Amino acid sequence: MNNFSYTRAGDVATAVREVSGDDAAVFIAGGTNLIDLMKENVTRPGRLIDITRLPLARIEELPDGGLRLGALVTNADTAYNEQVERRYPLLARAILAGASAQLRNMATNGGNLMQRTRCLYFYDRATPCNKRDPGAGCSAADGFNRMHAILGASEQCIAVHPSDMCVALAALDAQVQVTGPRGDRTIPFGEFHRLPGDTPQIDNTLRSDEIITAIDLPPRGFADHYAYLKVRDRTSYAFALVSVAAALDMKGDTVVEARLALGGVAHKPWRDMHAEEMLKGLSVTKDHFEAVASEIVREARGFADNSFKIVLAQRAIVRALQHAAAMGRQS
Ligand SMILES: Cc1cc2nc3c(=O)[nH]c(=O)nc-3n(C[C@H](O)[C@H](O)[C@H](O)COP(=O)(O)OP(=O)(O)OC[C@H]3O[C@@H](n4cnc5c(N)ncnc54)[C@H](O)[C@@H]3O)c2cc1C
Ligand code: SF4
């Protein structure tokens with residue numbers, strides 16, 4: 001039994017003050033991940049700061065033509081927002097590929113970024129896990145590792161980040177707005193999540209006394225040529241084995257600009273800028289897309305149960321690029 005206290009914050013400044021003054025305090029939003037972690041005793045906060053009443057549940061236009069998604073807008077309200085559907089359909093697709101309708105109604109955008117890995121050993125307190133107990137060891141490395149990383153893993157942790165939404169946000173070059181005792185700052189999406197290295201207990205670069213207030217989408221949404229492809233064991237209510245967010249700017253049959261992000265393969269949404277550069281100026285052929293896919297997995301490493309993901313990722317990249325390129329064309 002872990003006793004904890006509960007406070008509801010009425011404004012952002014109070015929420016930050018409450019969490020920064022107490023090492024045992026954490027924010028709770030929709031609770032769809034945190035409550036599970038508490039029930040399994042993976043996380044044992046001494047204090048919950050409920051942030052659901054903060055004024056961060058709006059979607060607003062930005063002066064530069066982008067869109068600001070409040071941290072407390074639910075995943076469902078984000079995916080079905082008229083602006084998001086029309087201008088950022090890649091993001092809407094990715095969100096709707098995740099979880100279930102009920103969960104998306106509760107889950108918030110800020111919580112989605114902060115959700116923790118689904119590695120089974122992380123949830124099982126009977127097994128060693130460096131992410132849960134630093135220094136304890138990694139049960140997955142020599143255990144059942146079918147869902148685990150093929151890129152960017154370390155000796156200490158081979159877990160993957162489970163979000164779908166974050167894969168699309170990485171491809172779109174979103175920015176995370178945060179506030180803390182030292183003021184506001186902006187974190188480029190690619191710098192928000194981190195690779196495990198020697199400190200797998202740290203998932204991201206948000207400081208423990210900071211709160212996510214919003215996620216900013218840049219003006220370009222790649223609404224004409226995009227695809228979110230999620231490969232999973234069931235067609236709903238399952239985390240990605242591999243997912244691909246592809247966004248293209250096309251001139252005729254030629255790629256002018258490309259964004260590609262992968263989910264289910266690493267501790268963070270995986271982007272490969274070199275591969276994106278390779279795509280520029282290429283015509284739409286399967287051979288070209290296969291060459292790019294091979295480049296992305298050039299340093300991939302499989303473990304006992306997940307080597308199949310290396311081939312799967314390549315095929316998913318090619319298919320997503322083909323879908324994105326073919327949009328709007330006569331067949
Ligand atoms: C059965 C199941 C299946 C799922 N399947 C998928 C899936 O396929 N794809 C997918 O992407 N997701 C999936 N999810 C995950 C779900 O999307 C997340 O649980 C949800 O987005 C978390 O949001 P929340 O508001 O409930 O966060 P909470 O559970 O309230 O919080 C999660 C963490 O975020 C922190 N936090 C929350 N808001 C903020 C903030 N504004 N600033 C700083 N820290 C904050 C909390 O302190 C906590 O550490 C699934 C979840 C479940 C339970
Ligand atoms: S992969 Fe990471 S989360 Fe899973 S057991 Fe190893 S250290 Fe823990």
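These figures come from a predicted structure and were not determined experimentally. We count ligands from 1, going down the list as the structure has it; atoms in each ligand are counted the same way.
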message: One thing to verify: whether Arg8 and Asp50 come together as a salt bridge, which I'm taking to mean a side-chain N less than 4.0 angstrom from a carboxylate O.
response: yes
- request: Would you sort out whether Thr78 and Asn75 count as a side-chain hydrogen bond (donor to acceptor under 3.5 Å, both in side chains), showing the intermediate values?
  value: CA-CA 5 Å; Thr78 304; Asn75 285 179; 5.4 Å; no
- prompt: So, Thr43 and Arg116: side-chain donor and acceptor under 3.5 Å apart, yes or no?
  reply: no
- prompt: Do Met106 and Thr52 pass the side-chain contact (heavy atoms from CB on, under 4.5 Å) test, and can you show the C-alpha distance, the side-chain angles, and the key distance before you say yes or no?
  reply: CA-CA 10 Å; Met106 285 300 291; Thr52 52; over 6 Å; no
- line: What lies under 2.8 Å from atom 8 (Fe) of ligand 2, restricted to protein N/O/S atoms, is Cys129 SG
task: In sequence, state the C-alpha distance, the side-chain angles, and the governing distance for Phe189 and His193, and then conclude on ring-ring contact (aromatic ring centres under 6.0 Å, His included).
output: CA-CA 8 Å; Phe189 205 82; His193 296 102; 5.7 Å; yes
message: Between Lys131 and Asp203, does any NZ, NE, NH1 or NH2 come within less than 4.0 Å of an OD or OE carboxylate oxygen?
response: yes
- prompt: Can you find a heavy atom in the side chain of Leu282 that is under 4.5 Å from one in the side chain of Val292?
  reply: yes
- prompt: In terms of side-chain heavy atoms, does Gln177 have a donor or acceptor partner in Thr186 at a distance below 3.5 Å?
  reply: yes
task: Check whether any side-chain heavy atom of Asn109 lies under 4.5 Å from a side-chain heavy atom of Met114, and answer yes or no.
output: no
field: Modelled atom types, side-chain donor and acceptor of Asp287 and Thr285, under 3.5 Å
entry: no
- line: Sorted by chain and residue number, the residues with a non-hydrogen atom under 4.0 Å of ligand 1 are Phe27, Ile28, Ala29, Gly30, Gly31, Thr32, Asn33, Leu34, Asp36, Ile51, Ala71, Asn75, Gly98, Ala99, Leu103, Ala107, Thr108, Gly110, Gly111, Asn112, Met114, Gln115, Arg118, Pro162, Ser163, Asp164, Leu206, Ile211, Ile212, Lys230, Tyr237, Ala238, Phe239
task: Check each atom of ligand 2 against the heavy atoms of Gln156 and keep those under 4.0 Å away; list them by number with element.
output: 7 (S)
